[in-house]
Colleague: 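The structure's right below; bear with me while I get my questions together.
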Amino acid sequence: MKLLVIGSGGREHAIAKKLLESPLVKAVYCAKGNARMVLDGIQIVDIDETDATSLVAFAQEQEIAWTFFGPEIPLFHGVSDAFYEAGLQVFAPSKAAAKIEYSKDFAKQLMHKYKIPTATSATFIDFQEAKAYIEKVGLPIVIKADGLAAGKGVVVAFDMDEAVEALSSMLIDESYKGSNQEAVVLVEEFLEGEEISIFAFVDEDKAYFAGISQDHKRAFTNDLGPNTGGMGAYSPVPHYGQEIIDETMKKVVQPLIKGLMEEGSPYHGVLYVGLMVTKEGIKVIEFNARFGDPETQVVLQRLDSDLAKIISDILSGYNPTIKWKSHGVSLGVVVAAEGYPNSYESGFSLGTLQVPNGSQLQLFAAGVTKGTDDTHFNAKGGRLFLVGSEGDTIEEAQQRVYSYLQDTAIPHTFYRTDIGKKALQAKL
Ligand code: AMP
Ligand code: GLY
């Protein structure tokens, strides 16, 4: 069969590559994909990820068996709905079900209604009321803009000035932007603990565990600097074992998908549960309607089963066989352009972006474009690529990845040097 993956980053590179490993799969197309994917046999298609008409036409012309959606933006723009309406097979939620990601207020209401553990919160459209609420409940406090905010919509405020600034930029400044929707903020209890991501493959009322990982969201080593899309990850998370996974499937995933069915928006595709493990137990920080990036790049290395077969089985209504490796760990480090997540340089050379054969390293590319020829690449984005490795231990995987990154240092780029450190500290 021929498959289509929508998206262009490292997550989509990893998904497309894994799908291509299946004996059932003849070709994997990726729209728009990136230039580096071609070296792994992925066929890139020059169609924008939000261009529903052209994507549907492509899938029909190429007789694509099913389409996998990587990012949330096309879901928000109704692209998965267009595929459903055209009678095409897709592994993705509808726009209505994806609302769990693009409306934090909707997600919060569902969590309250279906008794899913999460931080307490209140919703506001009025600046003064929000400010008065924060003065009453105290600091630190978390302020979240409703809607897709590309990682910029969350402020953890430790003093009142920070809180007021966040509220005014989200509520007052937003209302000047001429959008016809009222700006909404969520003011949420600050949760202390460690963050992990748990994924599930969902088919309406059925859910199957699809990996656990710990991302590193701050830009710099030791969790310093601004929030980013994610600077590195590892899987599994040795200090959070089967118990946390079972608890998440039972107390979070099951009630959520049953709730979505009751609300008339049954969920299909990958569900992302962002959790804080607190002293009082697990609490949901966020839901996303997709796999994580960079978590996917490490999680899929742990999967011992055929990903294309799993998804085909789910789409045909069968129970899939999903086997995970029982030994070792997978770890990946993101290399980003200097300046990311703020303004960064672009256009500089990244070289050949090839890891040595037999090195057990993997490379998944994100913000890259064709360089001087088809085997050389230039920077075109904030997060550029991820280098990952499996290992018997975290230390072994770290050693492989970091020695490669040191040997191949690329000017104008940076990476965190502590990916996996929390797992090592937890062992002590
Ligand atoms: P989100 O966009 O919801 O993932 O939030 C971005 C980041 O803000 C998360 O990865 C957390 O590090 C942090 N965060 C969000 N909500 C909370 C919370 N209630 N307590 C503490 N930190 C939070
Ligand atoms: N790595 C965080 C995310 O994909 O949202």
Side-chain angles (χ1 to χ4, degrees), residues 9-11 13-14 151 193-199 211-241 244 272 274-277 285 291-303 325 327-341 344 350 353 355 359-368 381-410 413-428:
R11 168 183 49 206
H13 190 174
E194 238 185 273
E195 263 181 88
I196 52 172
S197 315
I198 290 186
F199 305 101
I212 179 168
S213 178
Q214 184 163 59
D215 187 12
H216 296 65
K217 292 228 170 127
R218 298 298 190 118
F220 309 131
T221 301
N222 292 329
D223 288 333
L224 297 173
N227 251 320
T228 70
M231 294 298 293
Y234 59 94
S235 173
V237 184
H239 49 301
Y240 295 120
I244 290 269
Y272 174 129
L275 286 178
M276 191 75 89
V277 187
I285 298 179
F291 258 136
D293 188 338
E295 292 99 318
T296 306
Q297 292 89 312
V298 296
V299 159
L300 289 183
Q301 310 312 313
R302 305 291 305 157
L303 182 60
K325 293 178 186 169
H327 174 76
V329 59
S330 160
L331 178 141
V333 177
V334 170
V335 176
E338 245 163 35
Y340 173 78
Y344 49 80
L350 299 171
L353 292 183
V355 289
S359 64
Q360 303 193 48
L361 291 166
Q362 305 102 27
L363 188 146
F364 299 111
V368 308
R383 291 190 293 177
L384 300 167
F385 59 93
L386 171 142
V387 176
S389 175
E390 290 189 84
D392 288 339
T393 59
I394 296 259
E395 289 96 325
E396 191 184 27
Q398 279 178 328
Q399 207 274 329
R400 282 205 193 104
V401 172
Y402 282 120
S403 61
Y404 172 82
L405 289 175
Q406 278 155 15
D407 291 349
T408 56
I410 300 175
T413 68
F414 75 99
Y415 55 85
R416 278 180 63 150
T417 57
D418 64 339
I419 305 301
K421 189 171 147 190
K422 287 200 188 86
L424 297 179
Q425 284 171 337
K427 267 203 319 198
L428 298 175

Colleague: Determine the minimum heavy-atom distance between V401 and G388, stating which atoms define it.
Modeller: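 So the minimum-distance heavy-atom pair works out to CG2-C, 3.8 Å.
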Colleague: Which residue, H216, R416, R218, K421, forms the side chain to side chain donor-acceptor pair (under 3.5 Å) with D223?
Modeller: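 With D223 as partner, side chain to side chain donor-acceptor pair (under 3.5 Å) holds for just one option, R416.
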Colleague: Taking ring-ring contact (aromatic ring centres under 6.0 Å, His included) as the test, write out the residues that go with F385, two or more places apart.
Modeller: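 Expected list: none.
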Colleague: Mind checking what makes side-chain hydrogen bond (donor to acceptor under 3.5 Å, both in side chains) contact with T221, not counting sequence neighbours?
Modeller: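 T221 satisfies side-chain hydrogen bond (donor to acceptor under 3.5 Å, both in side chains) with T417 once adjacent residues are dropped.
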Colleague: Please name the pair of heavy atoms, one in T228 and one in G230, separated by the smallest distance, quoted to 0.1 Å.
Modeller: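 Minimum heavy-atom separation between T228 and G230: OG1-N, 2.9 Å.
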Colleague: Applying ring-ring contact (aromatic ring centres under 6.0 Å, His included), name anything that partners F414, two or more places apart in sequence or on another chain.
Modeller: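 So F414 forms a ring-ring contact (aromatic ring centres under 6.0 Å, His included) with F220.
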Colleague: Rounded at 0.5 Å granularity, tell me how far CD1 in I285 sits from OG in S197.
Modeller: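 Interatomic distance, I285 CD1 to S197 OG, rounded to 0.5 Å: 9.0 Å.
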Colleague: List in chain and number order the residues that pass side chain to side chain contact (heavy atoms under 4.5 Å, CB included) with T393, two or more places apart in sequence or in another chain; answer none if no residue qualifies.
Modeller: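 T393: side chain to side chain contact (heavy atoms under 4.5 Å, CB included) contacts with E395, E396.
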Colleague: Going by distance alone, is a donor N or O of one side chain under 3.5 Å from an acceptor N or O of the other, for H327 and D392?
Modeller: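 A donor-acceptor contact under 3.5 Å links the two side chains.
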Colleague: Taking only residues two or more places apart in sequence, or in another chain, which ones meet R302 in a side-chain hydrogen bond (donor to acceptor under 3.5 Å, both in side chains)?
Modeller: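 Checked R302 against side-chain hydrogen bond (donor to acceptor under 3.5 Å, both in side chains); zero matches.
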Colleague: Please find the pair of heavy atoms, one from V298 and one from S213, that lie closest to each other, and give the distance.
Modeller: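 So the minimum-distance heavy-atom pair works out to CG2-OG, 3.8 Å.
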Colleague: Do I410 and V335 have side chains that get closer than 4.5 Å, going by heavy atoms?
Modeller: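 No, every pair of side-chain atoms sits at 4.5 Å or beyond.
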Colleague: Mind listing the closest non-hydrogen atom pair of F199 and V299 along with its distance?
Modeller: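 That would be CE1-CG2, 4.1 Å.
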Colleague: Using the salt bridge (Lys or Arg N to Asp or Glu O under 4.0 Å) rule, collect all pairs that involve residues 229-241, keeping only residues at least two apart or in two chains.
Modeller: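 Not a single pair qualifies under salt bridge (Lys or Arg N to Asp or Glu O under 4.0 Å).
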Colleague: List the atom of A366, the atom of G10, and the distance in Å for their closest heavy-atom pair.
Modeller: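 Of all heavy-atom pairs spanning A366 and G10, the closest is CB-N, 3.6 Å.
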Colleague: Grab the two heavy atoms, one from S389 and one from L361, that are nearest each other, plus how far apart they are.
Modeller: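 Answer, listing the atom of S389 first, then L361: CB-CD2, 3.8 Å.
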Colleague: Starting at OH of Y240, measure out to CG of L275 and round the result to the nearest 0.5 Å.
Modeller: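 Answer for the OH-CG pair, Y240 versus L275, is 10.5 Å.
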Colleague: For the residue pair Q214 and I196, establish whether any side-chain heavy-atom pair is separated by less than 4.5 Å.
Modeller: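 Of all side-chain heavy-atom pairs linking I196 with Q214, at least one is under 4.5 Å.
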Colleague: So, using side-chain hydrogen bond (donor to acceptor under 3.5 Å, both in side chains) as the criterion, who are the partners of Q398 when residues are at least two apart?
Modeller: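 Residues passing side-chain hydrogen bond (donor to acceptor under 3.5 Å, both in side chains) with Q398: none at all.
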Colleague: Can you list the residues that meet the side chain to side chain contact (heavy atoms under 4.5 Å, CB included) rule with K217, with sequence neighbours excluded?
Modeller: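 So K217 forms a side chain to side chain contact (heavy atoms under 4.5 Å, CB included) with E195, D215, N227, Y272, E286.
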Colleague: Roughly how far, to the nearest 0.5 Å, is CD of E194 from NZ of K422?
Modeller: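 K422 atom NZ to E194 atom CD measures 6.0 Å (nearest 0.5 Å).
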Colleague: State the CD1-CD1 distance between I198 and I244, to the nearest 0.5 angstrom.
Modeller: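 It is 7.0 Å, given to the nearest 0.5 Å.
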Colleague: Please list, chain by chain and in numerical order, all residues satisfying side chain to side chain contact (heavy atoms under 4.5 Å, CB included) with A423, sequence neighbours excluded.
Modeller: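 Here the qualifying residues are Y234, P238, H239, I394.
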Colleague: Determine whether Q297 and R11 make a side-chain contact, defined as any pair of heavy atoms from C-beta on separated by less than 4.5 Å.
Modeller: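 They are in side-chain contact.
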Colleague: Enumerate the residue pairs fulfilling salt bridge (Lys or Arg N to Asp or Glu O under 4.0 Å) with a member in residues 332-341, sequence neighbours excluded, ordered by first and then second residue.
Modeller: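 Residue pairs passing salt bridge (Lys or Arg N to Asp or Glu O under 4.0 Å), neighbours aside: none found.
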Colleague: Only counting residues at least two apart or in another chain, list the ones meeting side chain to side chain contact (heavy atoms under 4.5 Å, CB included) with A337.
Modeller: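 Checked A337 against side chain to side chain contact (heavy atoms under 4.5 Å, CB included); matches are Y344, F348, L384.
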Colleague: Ignoring hydrogens and angles, tell me if any N or O in the side chain of R383 forms a donor-acceptor pair with the backbone of G9 under 3.5 Å.
Modeller: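 Answer holds: no.
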Colleague: Would you indicate whether the side-chain heavy atoms of V387 and V333 approach each other to under 4.5 Å?
Modeller: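 No, their side chains stay 4.5 Å or more apart.
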Colleague: Output the distance between atom NE2 (H13) and atom CD (Q362), rounded to the nearest 0.5 Å.
Modeller: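 Between atom NE2 of H13 and atom CD of Q362 there are 10.5 Å.
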Colleague: If the condition is side-chain hydrogen bond (donor to acceptor under 3.5 Å, both in side chains), which residues does D407 pass it with, not counting sequence neighbours?
Modeller: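 D407: no side-chain hydrogen bond (donor to acceptor under 3.5 Å, both in side chains) contacts found.
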Colleague: Any chance you could measure Q301, atom CD, to K325, atom NZ, to the nearest 0.5 Å?
Modeller: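 Interatomic distance, Q301 CD to K325 NZ, rounded to 0.5 Å: 6.5 Å.
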